[in-house]
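Atom set for the values below is all heavy atoms of this structure, side chains included, hydrogens, waters and symmetry mates excluded. Counting from 1, the numbers follow the sequence of the chain as shown.
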Amino acid sequence: MKITGYEAVEIDRASSRELRAAVEDFNTEYCAVLDSGDIEKWPDFFTEDAIYRVTARENADANLPVGLVYAEGRAMLHDRAVAISRTQMFAPRTTLHLCGNVRVMRQEPDGSFIAQSNFILLQTLVEGPTTIHLAGRYYDRFVREGGELKLKERQAVYDTTMIATDVVYPV
């Protein structure tokens, strides 16, 4: 699972600023949908043939394809979202996604582009304190469909080797 294209910035400043603002707007809406609990809208942020993966930094650094979560295509994302929203078998909780430090790394001739962002996922159980559930980076490949940004690929690479056993919600 080599994460490529994130090594060095290869884009002019003006394009970078414009695309960075678009990614920030995208991530704001992405997080709002997840944090509102409307998880069945989550797949709409992806292309039909998207890849979504959640994996440990240790595995990403070692170029190992093993991931905690892996979905190929919007249909798999939809199945996951429906399963989570309709078969909740764990304690009720709220989540709060925080994203920032967007870097646009490269724009391809076809208009697609590669970006990375930092994320923190906070979780509050109904009868418990707020905790940091996960923290790491998004490694994204964006395309435009009908004038809207969509994720062709999102790899959420988390930093810790010890994670909660209930990481079922999208990151």
Side-chain angles (χ1 to χ4, degrees), residues 1-7 20 23-47 50-74 76-105 114-142 149-171:
M1 169 194 108
K2 182 115 170 101
I3 299 177
T4 59
Y6 300 90
E7 297 81 15
R20 187 172 52 243
V23 171
E24 288 171 350
D25 288 348
F26 178 93
N27 282 338
T28 297
E29 293 306 313
Y30 180 94
C31 293
V33 164
L34 293 177
D35 294 341
S36 72
D38 202 359
I39 194 167
E40 290 188 40
K41 289 184 178 176
W42 172 61
D44 297 341
F45 290 94
F46 295 84
T47 63
I51 301 286
Y52 173 76
R53 181 179 314 183
V54 179
T55 194
R57 171 140 327 274
E58 181 179 24
N59 285 349
D61 289 347
N63 198 28
L64 297 173
V66 178
L68 179 65
V69 177
Y70 179 82
E72 195 169 321
R74 191 183 296 151
M76 278 183 85
L77 295 169
H78 175 75
D79 288 348
R80 183 172 183 80
V82 168
I84 292 167
S85 70
R86 298 185 191 176
T87 62
Q88 204 170 26
M89 298 176 64
F90 38 86
R93 67 202 63 218
T94 58
T95 61
L96 179 65
H97 292 73
L98 302 172
C99 295
N101 299 343
V102 174
R103 291 180 69 210
V104 176
M105 309 305 288
I114 294 173
Q116 73 180 41
S117 308
N118 297 340
F119 72 85
I120 295 174
L121 174 56
L122 301 172
Q123 175 179 266
T124 306
L125 296 176
V126 171
E127 295 181 7
T130 299
T131 59
I132 296 176
H133 198 56
L134 218 51
R137 285 189 182 90
Y138 292 136
Y139 294 91
D140 298 326
R141 182 175 306 273
F142 286 97
L149 278 188
K150 298 283 183 174
L151 285 165
K152 175 101 172 136
E153 181 176 358
R154 171 158 275 183
Q155 296 188 60
V157 177
Y158 55 89
D159 291 330
T160 185
T161 55
M162 300 204 41
I163 61 166
T165 55
D166 60 350
V167 176
V168 294
Y169 283 101
V171 177

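Taking every heavy atom of both residues into account, T55 and A60 meet most closely at CG2-CB, 4.5 Å. The minimum heavy-atom distance between A50 and L151, with the atom names listed, is CB-O, 3.5 Å. For the residue pair S85 and E40, the shortest heavy atom distance occurs at OG-OE2, 2.7 Å. Nearest heavy-atom pair, R93 versus V126, reported as atom, atom and distance to 0.1 Å: N-CG2, 4.4 Å.
Residues passing the ring-ring contact (aromatic ring centres under 6.0 Å, His included) test with F26, sequence neighbours excluded: F45, F142. Among residues two or more places apart in sequence or in another chain, the side-chain hydrogen bond (donor to acceptor under 3.5 Å, both in side chains) test is passed with T124 by T130. With sequence neighbours left out, the side-chain hydrogen bond (donor to acceptor under 3.5 Å, both in side chains) criterion links N118 to R137. Every residue meeting the side-chain hydrogen bond (donor to acceptor under 3.5 Å, both in side chains) condition with K152, not counting sequence neighbours, appears here in chain and number order: D49. Residues satisfying the salt bridge (charged side-chain N to carboxylate O under 4.0 Å, His left out) test with D79, not counting sequence neighbours, are none. Partners of Y30 under the side-chain hydrogen bond (donor to acceptor under 3.5 Å, both in side chains) rule, at least two apart in sequence or in another chain, are W42. For E72, the side chain to side chain contact (heavy atoms under 4.5 Å, CB included) partners at least two apart in sequence or on another chain are I51, Y70, M76. Every residue meeting the side chain to side chain contact (heavy atoms under 4.5 Å, CB included) condition with A156, not counting sequence neighbours, appears here in chain and number order: V54, F119, Y138, V171.
Between the CG atom in D159 and the CD atom in E58 there is a gap of 12.0 Å [rounded to 0.5 Å]. To the nearest 0.5 Å, the span separating CD on Q123 from OG1 on T94 amounts to 8.0 Å. Taken from CG in D44 to CZ in R74, the straight-line distance is 6.5 Å, to the nearest 0.5 Å. Rounding to the nearest 0.5 angstrom, the gap separating the CG atom in L77 from the CD1 atom in I39 is 10.0 Å. Atom-to-atom distance recorded for L122:CG and T131:OG1 is 7.5 Å, nearest 0.5 angstrom. Put simply, CE on M105 and CG on D140 are 12.0 Å apart, with the number rounded to the nearest 0.5 Å.
Atom CD1 of I132 is surrounded by 12 or fewer heavy atoms from other residues, nucleotides or ligands within 6.0 Å.
With R103 contributing its side chain and Q116 its backbone, the two residues share no donor-acceptor pair below 3.5 Å.
Sorted by first and then second residue, the salt bridge (charged side-chain N to carboxylate O under 4.0 Å, His left out) pairs involving residues 24-39 (not counting sequence neighbours) are D38-K41.
Residues P170 and I84 meet the side-chain proximity criterion, which asks for heavy atoms closer than 4.5 Å.
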